[in-house]
Structures are given as structure tokens and as C-alpha cells.
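Atoms within a ligand are numbered from 1 in the order they appear, just like the ligands themselves. Keep in mind that this is a model prediction, so the values were computed, not measured. The analysis underlying the following values was restricted to heavy atoms, covering all of them including side chains, and did not include hydrogens, waters or symmetry mates. Just so you know, residue 1 is the first one in the sequence shown, and it goes up from there.
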Amino acid sequence: MDMNNEQNIVIIGMPGSGKTTFGRRLAQCLDREFVDVDGYIEEMEGRTIAELFAVSEDCFRQAEIRASEKLAARKGIVVATGGGVVKRSENIDLLKQSGILIFLDRSPDDIVTDVDVSKRPLLAAGPQKVYELYRERIALYHHAGDYRIINKGAVEDVLQALTLLA
Ligand code: S3P
């Protein structure tokens with residue numbers, strides 16, 4: 001594929017799909033900087049994700065768009081987005097300006113078996129929320145992603161697929 005070192009590699013997908021884990025590993029392999037958007041937002045806003053959500057989901061989404069603006073201005077980084085980044089098309093338009101989007105697709109059945117829902121405000125309602133979000137978002141992930149990689153849990157397979165793309 002025609003990708004250069006200046007282009008960002010942006011990973012999208014459901015909460016618990018492995019975006020942060022694989023993003024970090026990929027960045028190490030490629031000797032690039034890694035940015036986890038949730039952590040980036042917390043630093044930028046001086047508030048935790050849970051605190052932003054406690055104000056309102058919209059408050060968090062606005063912060064997410066500000067983060068996308070800043071990250072779209074960067075070059076050559078690996079980015080793990082928050083799972084809901086596809087809910088606002090502004091995010092996708094911004095992130096596509098400077099990067100390729102990779103949809104890391106993991107089945108909801110696999111996600112519910114090992115995701116820690118207590119750390120994710122949107123999933124606080126319980127594991128069934130994972131299925132609901134998947135149904136709501138699957139078309140958005142397919143549409144936004146330039147590439148799709150399936151995460152069936154084999155770490156090396158996913159890493160190999162990611163590095164082949166990069
Ligand atoms: C969200 C996912 C979270 C975080 C926020 C909202 C979502 O990120 O951005 O809680 O809407 O799916 P992870 O996908 O890293 O859990």
C-alpha cells in the first residue's frame with residue numbers, strides 16, 4: 001500500500017477491541033510515537049474521562065473533537081482512538097487528513113469475556129451494552145476504516161497484519 005512515514009496510523013474499533021495494546025506494540029515495532037486518545041484528552045482537559053462523561057457525553061465528545069484537531073496536525077504517529085470516535089463525522093474527517101484508519105474488529109462475544117467494564121463509563125450498564133454498541137456502530141467502523149483487521153486474540157497475527165499494512 002502507498003503509505004509514507006509521515007502518515008499517521010489511526011486505530012479505530014470497539015472498546016476492548018485491543019486498540020491501545022496493539023497501537024502501542026505497533027509504535028514500538030515501527031519506532032514511532034504512540035498516542036492513546038483517552039489519555040491525551042485527560043491531560044489536555046485536566047479531567048478524567050469519567051469526569052467529562054459525568055458532565056455529559058457531549059462534553060466528552062467536544063473534547064474528543066479538539067483532540068482529533070490537534071492529532072490531525074501531527075505526523076508519523078500511531079494513534080489509538082476511543083471507541084466512540086466514529087459517532088462524530090468531524091473526528092473521522094480530521095483524522096483522515098493526515099492518516100490511514102485501521103478498523104480493529106473483535107467480536108462482541110470475545111470483548112465481553114475479558115473487558116473490564118468498570119473502567120469504561122459507557123459500559124457501566126453491563127456487558128449487554130457491548131452488544132448494543134456493536135450493533136449501533138459496526139456500519140460506522142466499516143465505513144470509516146480504510147482497512148479492517150480481525151482480532152481473534154492471537155497477538156502475533158494482529159501485529160503481523162498491522163505491520164504489513166504499515
Ligand atoms: C468510548 C470509549 C472509550 C472512551 C470513552 C467513550 C465509547 O475508549 O473514549 O469512554 O464511546 O466507546 P475505549 O474504546 O478505549 O474504551
Touching ligand 1 at all, Arg137? Heavy atoms, strictly under 4.0 Å? yes
Which of the numbered atoms in ligand 1 are under 4.0 angstrom from any heavy atom belonging to Arg61? 7 (C), 11 (O)
Can we say Lys129 and Glu132 salt-bridge, meaning some charged N sits less than 4.0 Å from an Asp/Glu carboxylate O? yes
Enumerated ligand 1 atoms positioned under 4.0 Å from heavy atoms of Gly84: 1 (C), 7 (C), 11 (O), 12 (O)
Could you tell me whether Lys87 and Glu136 make a salt bridge, using a distance below 4.0 angstrom between a side-chain N and a carboxylate O? no
Nearest protein heavy atom with distance in Å, relative to atom 16 (O) of ligand 1: Arg120 NE, 2.6 Å
Without swapping roles, check the side chain of Lys19 against the backbone of Leu104 for a donor-acceptor pair under 3.5 Å. no
Pull out every atom of ligand 1 sitting under 4.0 Å from any heavy atom of Ile49, numbered as shown with elements. 5 (C), 10 (O)
Heavy-atom gap Lys19 to ligand 1 smaller than 4.0 Å: yes
Any atoms of ligand 1 less than 4.0 Å from a non-hydrogen atom of Asp38? List them with their elements. 3 (C), 4 (C), 8 (O), 9 (O), 13 (P), 15 (O)
Show me which atoms of ligand 1 lie under 4.0 Å from any heavy atom of Pro15. 12 (O), 14 (O), 16 (O)
Please determine whether a side-chain nitrogen of the Lys or Arg among Glu64 and Arg61 lies less than 4.0 Å from a carboxylate oxygen of the Asp or Glu. yes
Which ligand 1 atoms does Phe53 reach within 4.0 Å, using its non-hydrogen atoms? 5 (C), 6 (C), 10 (O)
For Asp36, is there an ion pair with Arg24 - N to carboxylate O distance below 4.0 angstrom? no
Over 60° means perpendicular and under 30° means parallel, so tell me whether Phe103 and Tyr141 are parallel, tilted or perpendicular. parallel
Write out the residue and atom name of the closest protein heavy atom to atom 2 (C) of ligand 1, then the distance separating them to 0.1 Å. Gly83 N, 3.4 Å
Would you mind telling me which of Ile12, Val10, Ile65 makes a side chain to side chain contact (heavy atoms under 4.5 Å, CB included) with Asn91? Ile65
Heavy atoms, side chains only, cut-off 4.5 Å: are Thr20 and Phe34 in contact? yes
Does Phe60 reach ligand 1 with a nitrogen or oxygen that is under 3.5 Å from one of the ligand's nitrogen or oxygen atoms? no
